[in-house]
Amino acid sequence: MRLLFLGDVVGRSGRKAVCDELPRLRERYRLDFVVVNGENSAGGFGITEPILLELLDAGADVVTLGNHAFDQREALVFIDRYERLLRPLNYPAGTPGRGSGLFKARNDADVLVIAAMGRVFMTELDCPFRAIEAEISACGLKQGADAILIDFHAEATSEKQALAYYLDGRASAVIGTHTHAPTADERVLADGTAFMSDVGMCGDYNSVLGMEVEEPINRFLTRIPRARFEPASGPATISALAVDTDDATGLARHAKALRLGGALAPTEPLFWVE
Ligand SMILES: [Fe+2]
Ligand SMILES: [Fe+2]
C-alpha cells in the first residue's frame with residue numbers, strides 16, 4: 001500500500017502548495033492513503049472548517065492536529081462533525097473530537113490513524129505510550145487494521161525515537177511532527193515500522209518555523225512582544241514521508257522523505273517511480 005504523510009501545513013502559502021500539488025501527487029504515485037497535519041493551516045494557528053474542507057478536497061483522507069488544535073476556538077465545535085479530523089488522543093477525557101479512527105483507503109484497505117502528543121517540553125497530557133497501546137491492542141495490524149499510521153506530535157527527538165522503538169513491528173509508521181524542520185533519519189526499523197523523527201512542514205522555509213522572521217528575532221532579543229507572528233508568504237516546500245507497506249503484514253518495506261518546491265532541495269520517493 002502507498003501511504004503519504006504531509007507535515008504541518010503553515011498558513012496560506014502551505015495551503016496553496018498542498019492544494020496545488022496533492023491532487024497531482026495522488027495521481028503520479030497512485031497513492032492509496034494520505035494524511036495531512038493541519039494544526040497551523042489557519043494563519044499559522046489552528047484550523048477552521050473551510051480550511052479543513054479545502055484540505056480534504058485536495059486529497060487528504062485524514063487531517064491531524066497537535067498542540068495548536070484549538071487555537072481557532074470554532075474547532076471545539078465543528079471537530080465533532082468530522083470523523084476525518086483528529087486531535088491528539090491523549091488530551092484529557094471529555095475533550096471534543098477524537099484521536100483515532102479507522103478509514104478506508106483507495107485500495108479498500110482499513111487504515112488506523114492515531115494522533116498523539118508528546119509530553120517533553122510540552123503540555124502535560126496523559127501518557128501517549130499507554131494511550132496508543134490501548135488503541136493498537138483493540139485494533140492491531142491484521143487484527144482489524146491493514147495499516148497503522150501514527151502522527152506523534154512532539155518536541156523531543158528522544159521521546160519520538162522511544163515511541164518508534166516501543167511500537168516497532170506493531171505499527172506501519174511512526175511519524176514525528178511539530179518541529180517544522182525535517183530530519184534526515186527516515187528509515188524502516190528492524191521489525192518493520194517506518195520512522196522519521198520529524199517530517200517537517202508544508203510552508204515557506206525562508207522563515208522561523210513558517211513565520212516571518214522579524215518578530216521571532218525581536219522576541220529573542222528583547223523578550224517583549226511587538227507584533228503578532230505572521231506566516232511567511234513565499235513559496236512553500238511540501239515536506240512529506242512516503243511509506244510503502246507490505247499488504248500481507250501491514251509493515252513498511254520502504255520509507256523516503258519527499259520534498260517539493262520552495263526553499264529546500266527537492267527529494268522524491270524513488271521506489272515509486274517506474
Ligand atoms: Fe506545527
Ligand atoms: Fe505543534
Side-chain angles (χ1 to χ4, degrees), residues 5-18 34-48 51-52 54-55 60 62-73 75-76 79 85-92 95 97 99 113-126 128 131-132 149-161 163 174-183 196-213 215-216 219 228-234 236-241 257 259 262-264:
F5 185 102
L6 278 68
D8 309 28
V9 177
V10 182
R12 183 181 301 274
S13 144
R15 288 190 332 257
K16 179 174 174 3
V18 171
V34 174
V35 178
V36 176
N37 185 301
E39 74 147 2
N40 307 105
S41 54
F45 299 93
I47 190 165
T48 63
I51 289 174
L52 169 66
E54 208 180 305
L55 296 174
V62 171
V63 174
T64 53
L65 299 168
N67 55 308
H68 292 292
F70 300 114
D71 285 1
Q72 305 293 327
R73 309 281 299 169
L76 286 164
I79 194 169
L85 180 62
L86 302 178
R87 46 82 173 157
L89 176 72
N90 49 331
Y91 267 111
T95 302
V113 184
I114 302 173
M117 212 159 95
R119 300 194 289 184
V120 178
F121 310 128
M122 298 187 90
T123 313
E124 279 283 320
L125 300 179
D126 294 345
I132 294 167
L149 280 183
I150 295 166
D151 174 350
F152 192 39
H153 199 78
E155 190 78 55
T157 303
S158 58
E159 196 177 14
K160 292 165 161 172
Q161 293 182 349
L163 183 79
V174 173
I175 301 164
T177 57
H178 176 68
T179 72
H180 292 197
T183 53
M196 185 174 184
S197 295
D198 206 292
V199 69
M201 66 172 171
C202 297
D204 176 5
Y205 275 88
N206 285 320
S207 68
V208 174
L209 307 187
M211 298 292 153
E212 294 286 3
V213 303
E215 182 59 14
R219 292 199 195 179
R228 290 179 10 177
F229 290 124
E230 294 291 346
S233 56
T237 301
I238 288 183
S239 302
L241 182 68
R259 284 189 279 279
L264 298 190

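Order of appearance sets the numbers: ligands from 1, and atoms from 1 within every ligand.
Around atom CZ of Arg12, no more than 12 heavy atoms belonging to other residues, nucleotides or ligands sit under 6.0 Å away.
In terms of distance to the Fe ion (ligand 2), the nearest N, O or S atom of Glu39 is named OE2. Summary: ND1 is the N/O/S atom of His178 found nearest to the Fe ion (ligand 2). The name of the N, O or S atom in His153 nearest to the Fe ion (ligand 2) is NE2.
Minimum heavy-atom separation, Asp204 to Gly234: OD2-N, 2.8 Å.
For the Fe ion (ligand 1), the N/O/S atoms of Asn67 include none lying under 2.8 Å. Not a single N, O or S atom of His68, from either the backbone or the side chain, sits less than 2.8 Å from the Fe ion (ligand 2). Within the coordination shell of the Fe ion (ligand 2), defined by N, O or S atoms under 2.8 Å, Asp8 is absent.
Here the side chain of Ser239 pairs a donor or acceptor atom with the backbone of Met201 at under 3.5 angstrom. Judged by distance alone, the side chain of Glu39 and the main-chain N or O of Asn67 form a donor-acceptor pair under 3.5 Å. In terms of modelled atom types and a separation under 3.5 Å, the side chain of Glu215 and the main chain of Glu230 share no donor-acceptor contact.
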**OP:** Starting from the C-alpha separation in whole Å, work towards a yes-or-no answer on side-chain contact (heavy atoms from CB on, under 4.5 Å) for Val113 and Leu86.
**Re:** CA-CA 9 Å; Val113 184; Leu86 302 178; 3.8 Å; yes
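Remark: at the Fe ion (ligand 1), atom OD1 from Asn40 and atom NE2 from His180 enclose 90°, rounded to the nearest 10 degrees.
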